[in-house]
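Here's the structure, in structure tokens; my notes come after.
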Amino acid sequence: MQRRSFISSGLTLAAASFFPWSARAEGSDVLLWALNAHRQDIGIAPLFPEPALTKMSQQQAFYMHKISRATHIGPGGSDPIERGVRSGYEGRILGEALAESVEGARDTLKLWMGHDQTRAVLLDSEAREVGLSCIGDPRVGPVHWDLVLGA
């Protein structure tokens, strides 16, 4: 199987339905645990799931999976800040990290941490809330990841 990965992030951008074919059980919980462990190791407060950000993240991950590519542009041309407002998030969107990958949760986090702009989003010391979702099955194609941080 050919391996491919795509990542993206935006410092000023932003981004629970159950999908039976979702990688969520293995993915987002493991990635959030590993990210929080790293944040705590370097003295940054952990992130806590926030329902509106989670809804936003799920919708964007599903959309990216549907169109088979990672993008900060959502349905109808929406940007992460617009999607945050529509999801009912009352805080400030700090950033969004995306990935299209056949890698697992830990490898996706390593991929994100290997890029300066994405790492800056994940380690933003103002961030306290997170929405994190992954949709797909790496046995049959890429998993689409969406992580949104808020304060």
Side-chain angles (χ1 to χ4, degrees), residues 1-16 19 21-74 78-81 83-84 87 89 91-151:
M1 174 182 231
Q2 181 182 6
R3 300 184 94 163
R4 66 182 179 147
S5 295
F6 172 81
I7 68 164
S8 180
S9 69
L11 292 172
T12 60
L13 296 178
F19 300 98
W21 39 271
S22 170
R24 178 173 173 28
E26 184 276 331
S28 59
D29 295 338
V30 170
L31 195 146
L32 182 57
W33 178 86
L35 175 57
N36 274 337
H38 184 70
R39 287 174 61 93
Q40 288 180 315
D41 285 348
I42 61 173
I44 300 173
L47 302 169
F48 295 96
E50 199 286 329
L53 291 179
T54 299
K55 176 183 175 184
M56 177 182 161
S57 176
Q58 288 171 336
Q59 290 171 345
Q60 187 67 7
F62 180 75
Y63 176 71
M64 292 186 306
H65 192 73
K66 180 179 171 184
I67 65 169
S68 299
R69 69 183 175 92
T71 178
H72 290 288
I73 308 295
S78 63
D79 65 29
I81 294 171
R83 292 194 306 273
S87 293
Y89 185 61
R92 183 170 43 103
I93 300 295
L94 297 175
E96 177 178 61
L98 309 174
E100 178 183 82
S101 175
V102 294
E103 308 293 338
R106 290 179 191 273
D107 288 332
T108 298
L109 181 58
K110 284 180 191 175
L111 181 70
W112 281 343
M113 296 302 271
H115 290 68
D116 293 341
Q117 190 177 21
T118 307
R119 185 176 50 253
V121 169
L122 299 176
L123 301 180
D124 187 327
S125 61
E126 292 184 41
R128 295 293 184 270
E129 300 174 318
V130 65
L132 174 60
S133 298
C134 56
I135 305 293
D137 184 340
R139 296 171 296 182
V140 296
V143 174
H144 291 86
W145 296 84
D146 185 84
L147 179 145
V148 184
L149 294 178

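We number each residue from 1, following the sequence as shown.
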(message) If I compare all heavy atoms of Thr54 with all of Val130, which pair ends up nearest, and what's the gap?
(response) OG1-O, 3.9 Å
(request) Answer yes or no: is there a donor N or O on one side and an acceptor on the other, between the side chain of Arg69 and the main chain of Lys66, under 3.5 Å? (result) no
(request) Examine distances only and state if a side-chain atom of Trp112 and a backbone atom of Leu98 form a donor-acceptor pair shorter than 3.5 Å. (result) yes
(message) Main chain of Asp146, side chain of Ser133: is a donor-acceptor contact present, judged purely on distance under 3.5 Å?
(response) no
(message) With heavy-atom distances below 4.5 Å as the criterion, would you say the side chains of Val148 and Tyr89 are in contact?
(response) no
Would you list the atom pairs, donor with acceptor, under 3.5 Å between side chains in residues 39-53 and any protein atom, with sequence neighbours excluded?
residue : atom : partner : partner atom : Å
Arg39   : NE   : Ala45   : O            : 2.8
Arg39   : NH1  : Leu122  : O            : 2.7
Arg39   : NH1  : Asp124  : O            : 3.3
Arg39   : NH2  : Ala45   : O            : 2.9
Arg39   : NH2  : Asp124  : O            : 3.3
Arg39   : NH2  : Ala127  : O            : 3.2
Glu50   : OE1  : Ala52   : N            : 2.7
Glu50   : OE1  : Leu53   : N            : 2.8

(message) I need the minimum non-hydrogen distance between Val143 and Cys134, along with the two atoms involved.
(response) CG1-CB, 3.6 Å
(request) Check whether any side-chain N or O of Thr71 sits under 3.5 Å from a backbone N or O of Ile73 as a donor-acceptor pair, and report yes or no. (result) yes
(message) Between Arg83 and Gln60, is there a side-chain donor-acceptor contact under 3.5 Å, judged purely by atom types and distance?
(response) yes
(request) Measure the CD1-CZ distance between Ile81 and Arg92 for me, rounded to the nearest 0.5 Å. (result) 10.0 Å
(request) Identify the heavy atoms of Thr118 and Ala97 that sit nearest to each other, and give their distance. (result) CG2-CB, 3.9 Å
(message) Tell me the closest heavy-atom pair linking Pro142 and Glu100, and the distance in Å.
(response) CB-CG, 3.6 Å
(message) What's the separation between atom CG in Leu149 and atom CG in Leu123, rounded to the nearest 0.5 Å?
(response) 9.5 Å
(message) Closer than 3.5 angstrom, by distance alone: can the side chain of His115 be matched with the main-chain N or O of Leu111 as a donor-acceptor pair?
(response) yes
(message) Which heavy atom of Ser28 sits nearest to which heavy atom of Leu132, and what is that distance?
(response) O-CD2, 3.3 Å
(message) Please find the pair of heavy atoms, one from Ala70 and one from Ala99, that lie closest to each other, and give the distance.
(response) CB-C, 4.4 Å
